Each structure stands twice: as C-alpha cells, then as structure tokens.
Amino acid sequence: MKYWQGKFNEGLDRTAEQFISTFAFDKRLYKHDIMGSIAHCTMLGEQNIISEEETKVIQQALTQIFYDIPTGKLVPEGAVDIYDFLDSELGARIGNIADKLNIARSKYDRAALDRRMYVSQLCGDINESLKKLIEKIRETSNNYTAVIMPSQANFVKASPTTLAHTLMAHAERFMRDIVRMKETAKTAAVMPLYSGYGTGVAYKVDRRRVAQLLKFSSVTQNSLDAVTDNDFICEFLSSAALISKHVSSLCTLLTDWCTKEVPFARLDKSVNTDSKIVPSSVEPSVLETLKIKADKCTSLCLTSAAYSPGAYYTEADYAVIEPVFEAESLIKNCLEILTAVLSSFFFDEQAMLKAATAGFTTALDCVEYLVKKGENRDAAYEIVGKLCQYCAENNKRLDTITVDVYKTYSPLFEKDVIYVARAKSVARLRKNEGEPGEVAVRAEMRSIDRRLNKLFPEE
C-alpha cells in the first residue's frame, strides 16, 4: 500500500508517481536497510517490545529477503522507494507481524541510518582502490629512481628531477585522499535510529545496543539533527572531488608525456588508438577518457556538496544520497582503469635524459653555487644569465663549456662547477627528505609502505 492511499481515493497519477519515486537509485540501499532492520528487531525483542517468537519470524524473513535479491529470486521493482518495497515484501511473507518491525522508528531515521551505513562502507571500498593505485605507482617508481628528467615550472622546463620523484608526488596526493576518506567514514558511523521525525519516539529503546550490533562508534545526540544532518555526505562528496581531481591531474601528466614532440612515454597498443589526424601516430584514448570522466566527477561532487540542509527534514534531505551513487560509479571505475593502465606504460629514459640536459635546466643550481661562494643573489642571477646567453649564441650547454669560460664571467667559479652544471649530478645531490635524489625517493617509498600498513592494519 502506498503511503498516500489513505488520503486520495483516486490514487496518484502514474506519471507523477514515477516522478517522485526514488526507487531507481535508493534500491542500492537494500542490504543496509535489511541489516539495520535485523539489528532494530533484535533490540525490540530484547526490550520486550515484541515477543521472542515475533523476533525470530521477522529476522528469518529479513535474512531470506537479503539473500533472495542478489541471487535473482526476488527482483526489486514496482515501488516508490526501497522501504515501500521491503515492507511490502516482508508483509507478503509473514503477514501482519511485519507491521511490528516499524515500531519505534520512522522512515526518516531509517533512511538516515541506511545513508550512514552506505557511506561508511563506501569510504572503505574506495580506500581499498586507492591503496591498490598507490601500490602500483610505488611499484612503477621503484624501477625509475635513477632516471633523470626535467621538472616543469610555469610550463617551462626547470631543474632536473627523477621520474620516480615525479610519480611519487601523485602517490602522496592519493595518500591524503585515503586519510580524508577514513575521517569521513568516522563521521558517518554515528547511529541516528529512534529520532522519529525529529522529536524522538514513545518507546523505551536501547540506542547503544543497536549501535553496537551495527558496529557504529556512537549515537547521535539530537533527534532533529539526526534526521537533517547530511554533513557526512557533503564531506564524502568533497573528498571524492579531490580524488577525481588527482586522477585528472595524473592523466593530464601522462597524456602530455605520450603526446610530446619527443614523447617521454608510450602506452601499450592494447590501450591506444590510431590517430584520426596523423595516421602514423597513436592517441592515448584511455587516458583522455579517464580525464573526462574524472573532471565530470569533480564537477558533480562539488556542485552536490554545496547542498545546505534546512531547519527541518524535507524530501531534499532524502534525495541528497543520489549524487553519492553517481560519484561512486565514476570514482571506482576511474581508479580501477588508471591502476591497470599504469602497468601498460613504457618510459623512454633516453628521451627524458636528453630533455633534462638540453637548454639551461641547471642554471638555478649555478646561481646557488655562486651564492654559496659569497656572491650577491641578484648579481649571481645576472652572471648566470650572461653565461646562458653565451651558450645559446655558441650552441653549447652549461655542462660542456670549460672552466676558463666560467671564470671570464666570475672568478668565484672553480672546477667543481662542471659537476654542478650536469643534470645527473644535480638530481643525485638532492638527498634531503622529500627531494628527488635516489636516496631520498627510496626513503619516501619506505615511508609510503609504513603509512599504508598503519592505515590498513592486518585483521
């Protein structure tokens, strides 16, 4: 029976009924609603609100429904929402006893519980995908700790760095995403049941017992806040937006490397397509599609996270879960594909080294060399600028001109400046914590391993 049938003899227009129905998206909540209902039923029996026999009958029927849906014996359809469907199915199986399951709870706090259970579990699922991606980045980086390449600043080649350091920067971003998701899961894991329509219930219930059964960390402290609070959803969407932004950033970098005039990397043919513009080349279509989907997810999450709850419960509070489902599909898909794509990359070490040594990527290091020798920084910039001009006019590099040439620009230059001017040397010297040198990068990898072990302790 639809909840409006007691008021409208004519029933609701079919088109209007379909328009207000949330069943198309909230049917994903069936597992969480049944688990919540079983815990609720257990508490009702323990509090002697319903009999022991009624408790067993209801729990057995709910358990059977729980297994009938994924096996295909029961197909969720033809309802206004998941609650209407499950209540009707329970009633069809056990008769009027099913009505006792909704004692002491409302659709509002029931829906609030399901949303919290779903988001809490979803955070854990996404974190598992993030962990796999980070491990893949770390595994890939481990093979390229000594590979030199140019960094980039303001779209211009800058100081030499290492490929591993560049890739690990993205691993650090995804590490922060894991921490945010864990915090969101904690925020969501607060039990809101028995808040009624915002004013509580007329039964002596044991809220903490239900929280214990559902493995929730605590219970809500205000019944009105419990049914209107969607902060945890906004937090999830905000965290999801950052994840998708980080996916997009990595895809942009890898696409750029694949499409350079002299590419730094290329993808296996299995994840490339022939270029429609230049038949002799290929396009990293998977990466480009990943970026589009990630950007779409960022836009969706940021827009939806801006939702502001009102002073009282409305249907808008209920429907706010819908963008979570949309974001879930996009994020899980992007993380899975990106992890797989990373295994298909081939990096051209020689092309990277050539790019790092071409131009004047070590010019800043020559400036720092003079400053350490006691030269004024502004004067040092001017001296090195003139040196770069000399190299450009004579088709030379900073690491190929002689010490005598250096000395004509400043007496502070000595033989060791040649070492400073070499791209390989510069990158190797960066040994401090967090720097691109091989020693520092391997230390960062060990740090990533320790942090992952702490975030994902073995059961």
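Being a predicted model, the structure only gives us computed values, none of them experimental.
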Is [X] salt-bridged to [Y], going by a charged N under 4.0 Å from an acidic O?
X	Y	result
Glu438	Arg428	no
Arg110	Asp87	yes
Arg93	Glu89	yes
Lys132	Glu135	no
Glu336	Lys332	no
Asp229	Arg116	yes
Lys27	Asp81	no
Arg430	Asp365	yes

[X] side-chain N/O to [Y] backbone N/O, donor-acceptor pair under 3.5 Å:
X	Y	answer
Thr362	Ala421	yes
Thr361	Thr357	no
His40	Gly36	no
Asp109	Arg105	no
Thr71	Asp68	yes
Asp348	Phe264	no
Asp114	Leu29	no
Ser244	Ala240	yes
Thr166	Thr162	yes
Ser425	Tyr419	yes

Heavy-atom side-chain proximity of [X] to [Y] below 4.5 angstrom:
X	Y	result
Asp399	Val420	no
Ile321	Val119	yes
Arg377	Glu368	yes
Ile178	Leu452	yes
Glu322	Asp26	no
Thr140	Phe345	no
Tyr108	Thr228	no
Pro150	Thr161	no

message: So, using side chain to side chain donor-acceptor pair (under 3.5 Å) as the criterion, who are the partners of Glu128 when residues are at least two apart?
response: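 Glu128 satisfies side chain to side chain donor-acceptor pair (under 3.5 Å) with no residue once adjacent residues are dropped.
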- request: Take Asp295 and Thr298 through the test side-chain hydrogen bond (donor to acceptor under 3.5 Å, both in side chains) and record every step on the way to the result.
  value: CA-CA 5 Å; Asp295 289 342; Thr298 302; 5.0 Å; no
Could you pull out the closest heavy-atom pair between [X] and [Y], with the gap in Å?
X	Y	result
Gly196	Val227	O-CG1, 3.7 Å
Met445	Asn142	CE-N, 3.4 Å
Ile148	Ala427	CD1-CB, 3.5 Å
Ser238	Ala305	OG-CB, 3.7 Å
Leu300	Pro323	CD2-O, 4.0 Å
Leu133	Leu335	CD2-CD2, 3.8 Å

- request: Go through the steps to decide whether Leu90 and Leu101 satisfy the test side chain to side chain contact (heavy atoms under 4.5 Å, CB included), and finish with yes or no.
  value: CA-CA 10 Å; Leu90 187 63; Leu101 181 60; 3.6 Å; yes
task: Check step by step if side-chain hydrogen bond (donor to acceptor under 3.5 Å, both in side chains) holds for Asn432 and Glu435.
output: CA-CA 6 Å; Asn432 293 324; Glu435 291 184 345; 3.3 Å; yes
Under 3.5 Å, sequence neighbours excluded: what are the donor-acceptor pairs made by side chains of residues 184-192?
from	atom 1	to	atom 2	distance (Å)
Thr184	OG1	Arg180	O	3.0
Thr187	OG1	Glu183	O	3.0
Thr187	OG1	Glu235	OE1	3.3

How long is the straight-line distance from [atom2] of [Y] back to [atom1] of [X], given to the nearest 0.5 Å?
X	Y	atom1	atom2	result
Arg115	Met117	CZ	CE	13.0 Å
Gln60	Thr55	CD	OG1	11.0 Å
Ser343	Leu267	OG	CG	11.0 Å
Leu254	Arg266	CG	CZ	15.0 Å
Lys296	Ile292	NZ	CD1	10.5 Å
Thr63	Ile58	OG1	CD1	11.5 Å

Might you confirm whether atom [atom1] of [X] has over 12 heavy atoms from other residues, nucleotides or ligands at distances under 6.0 Å?
X	atom1	result
Lys182	NZ	yes
Tyr67	OH	no
Lys215	NZ	no

query: Quick one: which of Phe66, Tyr118, Tyr83 gives a ring-ring contact (aromatic ring centres under 6.0 Å, His included) with His32?
result: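 One option only clears the test, and that one is Tyr118.
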message: If we count only N and O atoms by modelled type, under 3.5 Å, do the side chains of Ser248 and Lys291 hold a donor and an acceptor together?
response: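 Yes, because at least one side-chain N or O of Ser248 sits under 3.5 Å from a partner of the opposite role on Lys291.
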message: Go through it in stages, so that I can follow the logic: the residues are Arg451 and Glu172, the test is salt bridge (Lys or Arg N to Asp or Glu O under 4.0 Å), and I'd like the CA-CA distance, side-chain angles, deciding distance and then a yes or no.
response: CA-CA 11 Å; Arg451 283 178 280 161; Glu172 294 292 346; 2.9 Å; yes
- request: Go through the steps for Phe360 and Val384 under the test side chain to side chain contact (heavy atoms under 4.5 Å, CB included), then give the verdict.
  value: CA-CA 10 Å; Phe360 310 106; Val384 175; over 6 Å; no
